[in-house]
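Okay, handing you the structure first.
Protein chains get the first letters and strands the later ones, always in sequence-line order, with residue 1 at the start of each.
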Amino acid sequence: MDPLFESLNPAQCEAVRHVEGPMLVLAGPGSGKTRVVTHRIAHLLREGVRQSEILALTFTNKASDEMRTRVGALIPGARVWVSTFHRFGARLLREYAGYVGLTPNFTIYDTDDARQTLKRVIEAGRIKTAHYSPERIAAAISQAKNQLITADRYEPRIGSPLSAVVAEVYPAYQQRLLASSAVDFDDLLLHVANMLYQNADVRSELDARYRFILVDEYQDTNRAQYVMLRAMSVDNPNLAATGDPDQSIYGWRGADINNILQFESDFPSVKVVRLEQNYRSTQSVLRVADQLIRQNLKRKAKGLFTENAAGEPVRLVQYATQDDEARSIADEIANEVAAKRRRPRDFAIFYRVNALSRSLERGLREQGVPYQMIRGQEFYQRKEIKDVLAYCQLINNPRDDQAALRTINTPTRGIGRKTIDRLAEFAYTHRISLLEAAREAVQVDGLNPRAVKNVTGYAALVDRLGQLAGAAVEEIIGTILAETKYREPLMDGNSEEDLNRLANIEELLTDARQFDDRREGNGHLEEYLENAWLVNETDDWQSESDKVTMMTLHAAKGLEFPVVYIVAVEQGVLPHERSINDEEQIEEERRLAFVGITRAKERLQLSYAVQRDFRGQRRRTVPSSFLLEMPREEMELVEVGADHWYPPDWDDLDDAAGGEVHEVHDDGPHFDVGEFGAGGEGARVAETAQGESWKGSPRLTTAAKLSGAAPIEPSGYSPEDFVQGMTVTHPEHGPGKIVALSGSGKNRRATVKFATAGERRFVLVHSPLRPAGK
DNA sequence: TCCTTAACTGTTTTT
DNA sequence: CAGTTAAGGA
């Protein structure tokens, strides 16, 4: 039998075999979607399609890397272009920059740079923003861009003061971006879509160039992406979209679920294939997911099924506090690992918001469980990295005012705000870039000789660096560091933070060297920068490394793990409070839960804590309404260390449904893990370990105590008890010495130097510090 | 101009 | 609570 089809079910084969014409593959979670896509690419190649005619688009670098690897494994030597939408947009824009008023060396601003630019535009234009924050305005602009509304076509809506503000800010912002030859993330799609729309010749050229287009996660496309795809599928309508409406979780980013729901009317001749067999999860997991998602009205019903084993019931656990939650999850993982039943990498913990990771991290650290946290864009966002890269940006694109602003006084060279304002004013009136203005500082009014000297010195420095543009990236960065003496101030101070920064800079140099090694020859600065701009830390996620993975539910899409914990399944968190008043948004939150649940292969635990510290405040929580929508007969309820606090209504259902309730009260901190299928022995291990680690964790037991609980004074010492030079102890960092004090009362802060942890600052009333020896 | 300190504020998800 | 901005002092 043909190896390409050997391991595929009939529906999968049908999709793989499809060559010409539009196709929609509705693929449930775990249904082998990526396999279908990669096998289809292989099939197309075998049918004689040239590889340069195939374009595969994904949303994340991680997804595209994986697809590229898998295509490579299937057809050795194949070089099909697999890219993210944004990368694809960037590449087209470099080719056709002139069409949209950019230069080919344009800069891509990350959210941060874009936000700064927006603020500057508002300030410089003295635009009255009526109490709307730049974030609000930026969000509105982004929304407009995602809907393909350009600055010149934006119309304020009557009765919306925000839109009136946006109508003013948006064009000014866009103009400023173009003047700097820069784009924000949204522009990467907007410009391309616009260009295709307005230039018939370009459109048909690209339509012909990419005869076969495959799109992953089609349910997440926004209007701009939709137009891009449609425009390139007119003469050659071989668009194959893969997706699952139930996994559309990016509506807030402009994703339009209607794109997939209406695919069939867009392409009447479309072939529709449904992949409904799940190869990933147990029946329990799948039934819980399925039951939940059925509550959504806006969807295409699917009949998910699996031939996998029934599996363990999905566990729903109530904890007293978030610390209990974190601790017992960490304990459980540690035990499973210690018993050699599982490895750290088998586990994943998901949460709705990044802020929830803190206590989990602590729990895992205490247990010595290795973990990795997936956070967006961390490395390249760090100040020191951005500082250095800003010089690179400026070398690559001297018109980039944002980079000039960032570098002009970094490291400090005596160029203050006033000076910068005057320069900017001069640049603006003469319609030149900030860097050009800096070169001509002599002509700028109101600058004292010292300022002129500093500014022209800066311009000369940048110009000198600019001659390096064609060098290897490591050399460029190395020279920047040397010429700007960026590291000097960091080396004097030896605070932990400074050391960290230095280490990060070293890492950047290593990163650059590795990049250089991968490239032949020099002159790839722009490519390096583009990587930095478009890369996301998720892409660094290493499935090989043996660590527990923690991430947001959004980041979890496309992944799978043997054991999954979803924490804080609470009203206001999942569904998030900002979605709670809107049925459409509630549905998206439900899909988010669905995505999380369906990542689990064998074992799934949902949990909530009766009380949770939020925004510095202790709150009583309400379990998520989604819990009520799940089939109880598939679930096991476990209470840990708290009084009854089921989701409302569940008590009533108690008799009707067969699900057992295990009550575990304070006096006996044990987990009824025996119920959990793994067998008695493991359960016992879990029990003792948890019992032990729970000792000494004070837990409030009754609702009365909880609601009346005053903020707990952690130390029992008043802030004034601490004096300069005093030796103190910290539960985590050990002994240390107070090197500085400031403020008084609840604002009193101390800087403590620890033997091991370096210098740290504490707000005394909140800190666990104790005078030593007491 | 720059650094420290105090007040303020805003909170989702990310290419 | 944390991160950021505004104000004030050297």
*Length of the CG-P vector between A:Leu553 and B:dT14, whole Å*: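 Distance check: A:Leu553 CG to B:dT14 P gives 10 Å.
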*Among A:Ile597, A:Val595, A:Leu574, which residue meets the side-chain contact (heavy atoms from CB on, under 4.5 Å) test with A:Leu553?*
A:Leu574
*Reckon A:Lys119 has a side-chain N or O less than 4.0 Å from the OP1 or OP2 of C:dT4?*
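So the side-chain polar atoms of A:Lys119 never come under 4.0 Å of the phosphate oxygens OP1 or OP2 of C:dT4.
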Would you list the atom pairs, donor with acceptor, under 3.5 Å between side chains in residues 185-193 of chain A and any protein atom, with sequence neighbours excluded?
residue, atom, partner, partner atom, Å
A:Asp186, OD1, A:Asn146, ND2, 3.4
A:Asp186, OD2, A:Ser142, OG, 2.8
A:Asp187, OD1, A:Lys145, NZ, 2.8
A:Asp187, OD1, A:Gln174, NE2, 3.1
A:Asp187, OD2, A:Lys145, NZ, 3.3
A:Asp187, OD2, A:Gln174, NE2, 3.3
A:Asp187, OD2, A:Asp184, N, 3.2

*Using atom CZ of A:Phe350 as one end and atom C1' of B:dT12 as the other, report the distance to the nearest whole Å.*
17 Å
*Can you find a side chain N or O atom of A:Asn409 that sits less than 4.0 Å from OP1 or OP2 on B:dC2?*
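Result: yes.
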*Counting heavy atoms from C-beta on, name the nucleotide in B:dT13, B:dT1, B:dT14 closest to the side chain of A:Arg352.*
B:dT13
_Check this one for me: any side-chain N or O of A:Thr60 less than 4.0 Å away from OP1 or OP2 of B:dT14?_
no
_As a test of reading the structure: which of B:dC2, B:dT13, C:dA2 is closest to the side chain of A:Asn354, going by heavy atoms?_
B:dT13
*Determine yes or no for a side-chain-to-main-chain donor-acceptor pair under 3.5 angstrom, with A:Glu217 supplying the side chain and A:Thr58 the backbone.*
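Not at all, since once roles are kept as given, no pair shorter than 3.5 Å links the two residues.
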*So, is A:Thr552 close to the B:dT12 phosphate, meaning a side-chain N or O under 4.0 Å from OP1 or OP2?*
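A:Thr552 to B:dT12 OP1/OP2: no side-chain N or O under 4.0 Å.
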*Considering only heavy atoms and no angle criterion, is a donor-acceptor pair shorter than 3.5 Å present between the side chain of A:Trp252 and the base of B:dT12?*
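When only heavy-atom distances are counted, A:Trp252 does not reach the base of B:dT12 through any donor-acceptor pair under 3.5 Å.
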*asked:* Holding to side chain to side chain contact (heavy atoms under 4.5 Å, CB included), I want the full list of residues that pass it with A:Ser625, two or more places apart in sequence or in another chain.
replied: A:Gln571, A:Pro575
*Let me know the distance between CG of A:Asn146 and C1' of B:dT14, rounded to the nearest Å.*
11 Å
Could you go over nucleotides 9-11 of chain B and give all protein N or O partners under 3.5 Å, atom names and distances?
residue, atom, partner, partner atom, Å
B:dT11, O4, A:Arg615, NE, 2.2

*asked:* I'd like to know whether the aromatic ring centres of A:His554 and A:Trp252 sit less than 6.0 Å apart in this structure.
replied: yes
*For the residue pair A:Arg94 and A:Trp533, what are the closest heavy atoms and their distance?*
NH2-CZ3, 3.9 Å
